[in-house]
Amino acid sequence: MTVRTRFAPSPTGYMHIGGMRTALFNWLWARRNRGVFILRIDDTDQQRNMDEALGPILQAFRWLGLDWDEGPEVGGGNGPYFQSRRRPLYDAALQRLLQDGHAYRDFEPAQETQRQREAAEQEKRVYVSSRESLLLTDQQIAQKLADNTPCVIRLKVPRGDTVVINDHVRGTVEWDCSLMPDPVIARSDGSPLYNFATVVDDAAMQITHVIRAEEHLSNTPIQVLLHRALGNDTPEWAHIPYVAAPGGREKISKRKIAQYRKNPQFKRLFEIGDTILTRLGFDASADALSPVMVAYYQQTGFIPAGVLNALVRLGWSFDDQTEILSLDEMQQKFSLDRVIRSPAGLDPDKLLSFQAHWMSQLPAPEKLEGCLAMLKQAGWINDPADPAVRGYVQQVMELAGDRLRLFGDIFQLEEFFIADAQLSRDEKAFEKRVTSAPEICGHLRQLRTQLETIPQFTAEPLHDLLQQFATSHSLRPGDLFPALRLCISGRAQGADMFRTLELLGRDRVLHRLDLALAGR
RNA sequence: GGCCCCAUCGUCUAGUCAGGUCCAGGACAUCGGAUUUUCAUUCCGGUAACAGGGGUUCGAAUCCCCUUGGGGUCACCA
């Protein structure tokens, strides 16, 4: 039997990192089994602008390279793939349930139900539905319907039963039906509720494996009951642990972003976002661009392989050694029975380390395009197609080497892109090594005249010149070099200084030296 | 509170189903050292965990029970 999995987001306008991990596991399981992966949009509650709400979700999938076999834009034989357009299917299923006596119209006012629920809670007794509407005769029901008395439709839970599932990750889990209230499956306006629509769709789309986060575990007995009532085969279940916030066990949530900013482990990502996103002209404080959302990683210049690698290792491992996995390797190695049961905190440090690894594996041309796009967006370059610009950026990139973990890291090399006078400066270090070191300043002035006349302004001769200069003036390189670097780049350390000088070129170097020695 | 789930280094995890080869392995982070004018990289090395208590057993991280702790969920949301 063909494996068919689905990911069913509700279109909220952003793609949650935890949801992405769930989607990845679904995708992986389908691919691993040469099955089908379906994207279905769970928009049973009323919709606003669908393009705006769905766009970021599809974009996240595309960015990470996860395709879908059926769903929005690609269609498929089990459409439509928007629940808002599947109403006739739900209506029909509802009629069957009503006719078979598996569901009933509940005319009890919501306040009354609420009252009973609270009363039960106060008396510390299990609340189950009163089912008073079940006592109504057909004639009374007809009358109420004719009077337009509002009613919801509830599933009639078989109270003597037990629901047992064999979950791929949790093993056997069971629930006693006598403890369950009858769940509402359709609102008083006739529209279906999540639990119901999901079951109808999962059956219609022949989903074989429902892989979702653990928070849905408590929905499972209702869905199993619904499948039974509808006469469906129940799919197999795999409730994977949810993704927790760094260092904790709490489900990562967009509502807690303010608190995450203070989280010592999470802070790093926020700081990266603050500098890079601001440079790009985004509002770095926007929820949609926080590290809780996939868009953050795309916009700051993470590469898909790094993010994917970090996500797949959250709650899953192949063995006791394998850490680095390409999407291709994941496809071959993923299995549900190696998914762990306890929640896994997103680990920013490890994510960054995966990121660094995959960046180092990225072919130079792709790396260049990534940096070019960043620089263009920030307005640091004008024409990314200009061969001279490309050549220059290429050299800066090579000089940066593995300091470049994200494309956004290119902004740390601002000395190559920012006008001399606008360069920011590490004032503390500058003060210590230049301003309050008059003899070094004197040396730098002498050095300046030599730099002015050196025939070839390239790394090799510059290296020789500087070494010689240091020796002949009995200066320690450790005193001279950082001072020089501070003058030309604003910082005391960085990539190879001689190459930096060469790339900057004589004019800029001299000009910056002048500015620095003049006190600004 | 009811129901359900979970519990190994700071973090992500291997080992748990089929008890011994585990005085617990790997990775990230961290600390030391080597290389590097600096920073980064790379390479070596170190610190660091079975929540607690009872059983069962010749033997328990692994099986059972209890306690504690953490979490999820309890809508005419998804």
Side-chain angles (χ1 to χ4, degrees), chain A residues 8-12 19 42-45 83 106 110 113-114 117 120-122 124-127 150-154 167 169-171 173-176 179-181 183-195 197-198 212-221 239 241-242 244 246-251 264-265 268 310 313-324 337-338 340-354 356-357 360 400-405 409 412 463 466-467 470 476-482 484-486 491-498:
Chain A
S10 74
T12 49
D42 279 14
D43 56 346
T44 53
D45 54 348
Q83 289 192 327
D106 184 9
T113 307
Q114 174 71 13
R117 198 187 294 271
E121 196 173 324
Q122 259 188 0
K124 294 186 195 284
R125 132 178 96 66
V126 175
Y127 169 77
C151 70
V152 295
I153 297 176
R154 289 184 189 274
D167 192 280
V169 347
R170 304 215 171 247
V173 185
E174 49 178 279
W175 295 267
D176 180 354
L179 269 25
M180 292 162 58
V184 175
I185 57 177
R187 299 182 179 91
S188 47
D189 67 1
S191 62
L193 249 26
Y194 163 76
N195 271 139
T198 294
R212 57 185 5 174
E214 183 200 337
E215 66 221 61
H216 283 286
L217 193 54
S218 52
N219 286 142
T220 308
H239 286 92
Y242 54 84
R249 300 259 116 154
E250 241 175 89
K251 192 170 73 164
Q265 289 168 71
R268 273 182 88 181
R313 289 288 289 102
L314 247 34
W316 177 82
S317 65
F318 176 65
D319 56 20
D320 61 340
Q321 302 285 319
T322 311
E323 296 284 344
I324 300 291
D337 53 2
R338 288 199 61 90
I340 204 95
R341 277 176 297 267
S342 55
L346 180 70
D347 184 343
D349 283 331
K350 201 145 186 173
L351 167 62
L352 252 8
S353 119
F354 281 128
H357 171 82
S360 76
D402 39 40
R403 289 170 194 79
L404 197 78
R405 295 168 311 166
D409 283 340
Q412 283 173 24
H463 174 262
L466 281 159
Q467 286 292 4
R476 284 183 309 181
D479 288 328
L480 178 67
F481 295 176
L484 176 59
R485 192 195 283 279
L486 272 160
R491 276 167 294 121
Q493 59 216 7
D496 184 279
M497 196 173 61
F498 312 107

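Note that the structure is predicted; figures quoted are calculated from it, not measured. Excluded from the calculations below are hydrogen atoms, water molecules and symmetry mates; all remaining heavy atoms, backbone and side chain alike, are included. Throughout, a chain's letter reflects where its sequence line sits, starting with A, and its residues are numbered from 1.
- Comparing the C1' positions of B:U41 and B:U35 gives a spacing of 10 Å, expressed to the nearest Å.
- The base of B:A78 sits within donor-acceptor range of the side chain of A:Asn219, with an N or O pair under 3.5 Å.
- A:Gly315 comes within 4.0 angstrom of the backbone, heavy atoms only, and of no base.
- Among the atoms of the strands shown, base atoms are found under 4.0 Å from some heavy atom of A:Phe498.
- The side chain of A:Ser188 places no N or O atom within less than 4.0 Å of a non-bridging phosphate oxygen (OP1 or OP2) of B:C76.
- Within 4.0 Å (heavy atoms only), A:Arg338 reaches sugar-phosphate atoms of the nucleic acid but no base atom.
- Of the P atoms belonging to B:U11 and B:U73, the separation is 23 Å, rounded to the nearest Å.
- Ring geometry, A:Tyr194 versus A:His216: the interplanar angle falls from 30° to 60°, so the pair is classed tilted.
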### side chain to side chain donor-acceptor pair (under 3.5 Å) evaluation trace for A:Arg187 with A:Thr44
CA-CA 11 Å; A:Arg187 299 182 179 91; A:Thr44 53; 4.9 Å; no

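- Nearer to the 5' terminus of RNA chain B, by closest-nucleotide assignment, is the contact made by A:Arg485 (compared with the other of A:Arg485 and A:Arg117).
- A:Arg268 has its CZ atom 10 Å from the C1' atom of B:C28, to the nearest Å.
- Within the structure, a side-chain polar atom (N or O) of A:Lys251 is placed less than 4.0 Å from OP1 or OP2 of B:U73.
- Nearest nucleotide to the A:Leu193 side chain, out of B:C76, B:C39, B:U38: B:C76.
- Contact annotation for A:Leu466: no contact, since no heavy-atom pair falls under 4.0 Å across all strands.
- The phosphate of B:A78 has OP1 or OP2 within less than 4.0 Å of a side-chain N or O from A:Arg187.
- The A:Val184 side chain lies nearest to B:C76 when the options are B:C76, B:G26, B:G70.
- In this structure, CD of A:Gln321 is placed 19 Å from P of B:C12, rounded to the nearest angstrom.
- When each of A:Val184, A:Ile185, A:Ile153, A:Val152 is tested with A:Leu193 by the rule side chain to side chain contact (heavy atoms under 4.5 Å, CB included), just one qualifies, namely A:Val184.
- Where A:Phe354 and A:Arg403 meet RNA chain B, the nucleotide closest to each residue was compared, and A:Phe354 sits on the side nearer the 5' end.
- For A:Tyr242, whose side chain is taken as the heavy atoms from C-beta onward, the closest listed nucleotide among B:C4, B:G71, B:G72 is B:G71.
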### Task
Could you give me the CA-CA distance, side-chain angles and deciding distance for A:Asp409 and A:Arg403, then say whether side-chain contact (heavy atoms from CB on, under 4.5 Å) is met?
CA-CA 8 Å; A:Asp409 283 340; A:Arg403 289 170 194 79; over 6 Å; no

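- Contact record, A:Arg117 with A:Tyr127: CA-CD1, 3.6 Å, taken as the closest heavy-atom pair.
- Comparing the C1' positions of B:U56 and B:C65 gives an interatomic distance of 11 Å, to the nearest angstrom.
- One P atom belongs to B:G1, the other to B:U57, and the distance between them is 37 Å to the nearest Å.
- Look at OH on A:Tyr194: it is 11 Å from C1' on B:C77, rounded to the nearest Å.
- Ion pairing of A:Asp349 with A:Arg268 is present here, as a side-chain N (NZ or NE/NH1/NH2) and a carboxylate O approach within less than 4.0 Å.
- The listed nucleotides are B:U38, B:A78, B:A27; the one nearest the side chain of A:Glu323 is B:A27.
- The same atom, P, is picked in B:C22 and in B:U68; the two are 35 Å apart, to the nearest Å.
- Protein atom CD of A:Glu250 is 14 Å distant from nucleotide atom C1' of B:G69, rounded to whole Å.
- Residue A:Asp402 is in base contact, counting any heavy-atom pair closer than 4.0 Å across all strands shown.
- In this structure, the CD atom of A:Glu121 is 13 Å from the C1' atom of B:C3, given to the nearest Å.
- Only the P atoms considered, B:G72 is 33 Å distant from B:A48, to the nearest whole Å.
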### Task
Please test A:Arg212 against A:Thr220 for side-chain contact (heavy atoms from CB on, under 4.5 Å), starting from the C-alpha separation and ending with a verdict.
CA-CA 11 Å; A:Arg212 57 185 5 174; A:Thr220 308; 3.2 Å; yes

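- B:A7: Watson-Crick or G-U partner is B:U68, with both key distances under 3.5 Å.
- Each of B:U38, B:G71, B:A78 was ranked by its minimum atom distance to the side chain of A:Thr44; first place goes to B:A78.
- Counting any heavy atom pair closer than 4.0 Å across all strands shown, A:Ser353 reaches sugar-phosphate atoms only and no base atom.
- Interface remark: the A:Arg170 side chain does not form any donor-acceptor pair with the B:C4 base, using a distance-only criterion of under 3.5 Å.
- The residue A:Val152 sits close to a base: some heavy atom pair falls under 4.0 Å.
- Here the P atom of nucleotide B:U37 and the CZ atom of A:Arg491 are 20 Å apart, to the nearest Å.
- Within the 4.0 angstrom heavy-atom criterion, no nucleotide atom of any strand lies near A:Arg476.
- Among the protein residues, A:Ala344 comes within range of the sugar-phosphate backbone only, with heavy atoms under 4.0 Å from sugar or phosphate atoms but none that close to a base.
- A:Leu314 comes within contact range of the sugar-phosphate backbone alone, with a heavy-atom separation under 4.0 Å but no base atom that close.
- Applying the Watson-Crick and G-U wobble criteria (two distances, each under 3.5 Å), B:G32 pairs with B:C44.
- Across all strands, A:Arg212 comes closer than 4.0 Å to no nucleic acid atom at all (heavy-atom distances).
- Contacts of A:His463 with the nucleic acid, taken as non-hydrogen atoms under 4.0 Å apart, are absent.
- Atom CD1 in A:Ile185 sits about 13 Å away from atom P in B:A78, given to the nearest Å.
- In terms of modelled atom types and a separation under 3.5 Å, the side chain of A:Arg338 and the main chain of A:Ser317 share a donor-acceptor contact.
- Taking atom P on both B:C4 and B:C66, the two are 13 Å apart, rounded to the nearest angstrom.
- The aromatic ring of A:His216 sits over the base of B:A78, with ring centres less than 5.5 Å apart and planes tilted by under 30°.
- No contact: A:Met180 has no heavy atom under 4.0 Å from any strand.
- Here the C1' atom of nucleotide B:U13 and the CZ atom of A:Arg313 are 5 Å apart, to the nearest Å.
- Between the A:Asp42 side chain and the A:Ser10 main chain, no donor and acceptor come within less than 3.5 Å of each other.
- The side chain of A:Ile340 has B:U13 as its nearest neighbour among B:A78, B:U13, B:C76.
- Contact between the side-chain N/O atoms of A:Ser218 and the OP1/OP2 oxygens of B:C4 is not found at any separation under 4.0 Å.
- Within 4.0 Å of A:Arg341, counting heavy atoms only, lie sugar-phosphate atoms of the nucleic acid but no base atom.
- To the nearest whole angstrom, the two C1' atoms, one in B:G10 and one in B:U47, are 12 Å apart.
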